[in-house]
Amino acid sequence: MKVLIYKRTHTGDPDESGIFGIQDCMGRIRNGNYDAVIGIGGKSAWKGHTGIKYKINWIGLGPKKIFPTERGYRVVFTHFELYEETGVNIKNNYPNLFDYMFSKNKRFSLSSNLPENVLEEVKWILDSIKDSPASPAYNIDSEADLEAYIKAHPSKCGGCSND
């Protein structure tokens, strides 16, 4: 299984709709070939977003790429959970994943070749949502409907599409 694990600096992408890239965060990386995504809070979160530090902020399994932007497809998931500030602290609960991401100062990892101790923890994390529902926006079937949703829910991140 290929898993994208990345550090987040803010909340809001994905939002409660379950669309990864709704505010164009992570750009072309969203186009990668992966089976799951784990978003974890980085150590240097934006002001007002420090509650996500070292926490699992969101998890998505079974990606479906929808409606591209200039930088990358938006992605929804067959299983999705959004935790933001309420997520599990990986430093305390998944120490191997924490060391893998933070001691090597990785911004993201897109790998099917994780060290065995990290892979074991990642499997536990992914198993925790195997019975979760799809992204709420999973069945949006037109780009017009998606654009209307995006306009009705302004960006909370204020700059991802400019990175």
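Only this structure's heavy atoms are used, side chains among them; waters, hydrogens and symmetry mates stay out. For clarity, every value in this text was computed on a predicted model and none was experimentally measured.
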(message) Taking the cut-offs as 6.0 angstrom to the six-membered ring centre and 45 degrees off its axis, would you call Lys7 and Phe102 a cation-pi pair?
(response) yes

(request) Please round to the nearest 0.5 Å and tell me the distance separating atom NZ of Lys43 and atom NZ of Lys91. (result) 10.0 Å

(message) Between Glu81 (side chain only) and Ile129 (backbone N and O only), is there a donor and an acceptor less than 3.5 Å apart?
(response) no

(request) Report yes or no: do Tyr138 and Thr78 form a side-chain donor-acceptor pair below 3.5 Å? (result) no

(request) Without swapping roles, check the side chain of Ser111 against the backbone of Asn113 for a donor-acceptor pair under 3.5 Å. (result) yes

(request) Answer yes or no for Lys55 and Tyr83: cation-pi contact, defined as NZ/CZ to six-membered ring centre under 6.0 Å and angle to ring axis within 45°. (result) no

(request) To the nearest 0.5 angstrom, please state how far the CG atom of Asn139 sits from the CG atom of Asp141. (result) 8.0 Å

(message) Could you tell me if Lys64 sits above the aromatic ring of Phe77, with its cationic atom closer than 6.0 Å to the ring centre and no more than 45 degrees from the axis?
(response) no

(message) Nearest 0.5 angstrom please: Glu70 CD to Asp24 CG, how far?
(response) 8.5 Å

(request) To the nearest 0.5 Å, tell me how far Ile29 CD1 sits from Arg71 CZ. (result) 9.0 Å

(request) Give the cluster check for Tyr73 versus Leu4: same hydrophobic cluster or not, with ILVMFWY residues linked at side-chain heavy-atom distances below 4.5 Å. (result) no

(message) To the nearest 0.5 Å, what is the distance between CG on Asp13 and CZ on Arg30?
(response) 7.0 Å

(message) Are more than 12 heavy atoms, taken from residues, nucleotides or ligands other than Phe67, located less than 6.0 Å from that residue's CZ atom?
(response) yes

(request) Establish, from distance only, whether the side-chain atoms of Asp15 and Ser17 form a donor-acceptor pair under 3.5 Å. (result) yes

(request) Tell me, please, whether Tyr34 has Lys65 positioned over its six-membered ring: NZ or CZ under 6.0 Å from the ring centre and within 45 degrees of its axis? (result) yes

(message) If you count every heavy atom of other residues, nucleotides or ligands that lies below 6.0 Å from Phe98 atom CZ, does the total exceed 12?
(response) yes

(request) Kindly indicate whether the side chain of Leu82, heavy atoms from C-beta on, has any atom under 4.5 Å from the side chain of Ile59. (result) no

(message) Would you compute the distance between atom CD1 of Ile40 and atom OG of Ser109 and round it to the nearest 0.5 angstrom?
(response) 9.5 Å

(message) In terms of relative ring orientation, are Phe20 and Trp58 parallel, tilted or perpendicular, with 30° and 60° separating the classes?
(response) tilted

(request) Given side chain to side chain donor-acceptor pair (under 3.5 Å), test Asn57 with Glu84 step by step and report yes or no. (result) CA-CA 4 Å; Asn57 304 152; Glu84 301 293 27; 5.1 Å; no

(request) Consider only side-chain heavy atoms of I, L, V, M, F, W and Y, link residues closer than 4.5 Å, and tell whether Phe80 and Val122 are in one cluster. (result) no

(message) Between Tyr94 and Tyr100, is the ring centroid distance below 6.0 Å?
(response) no

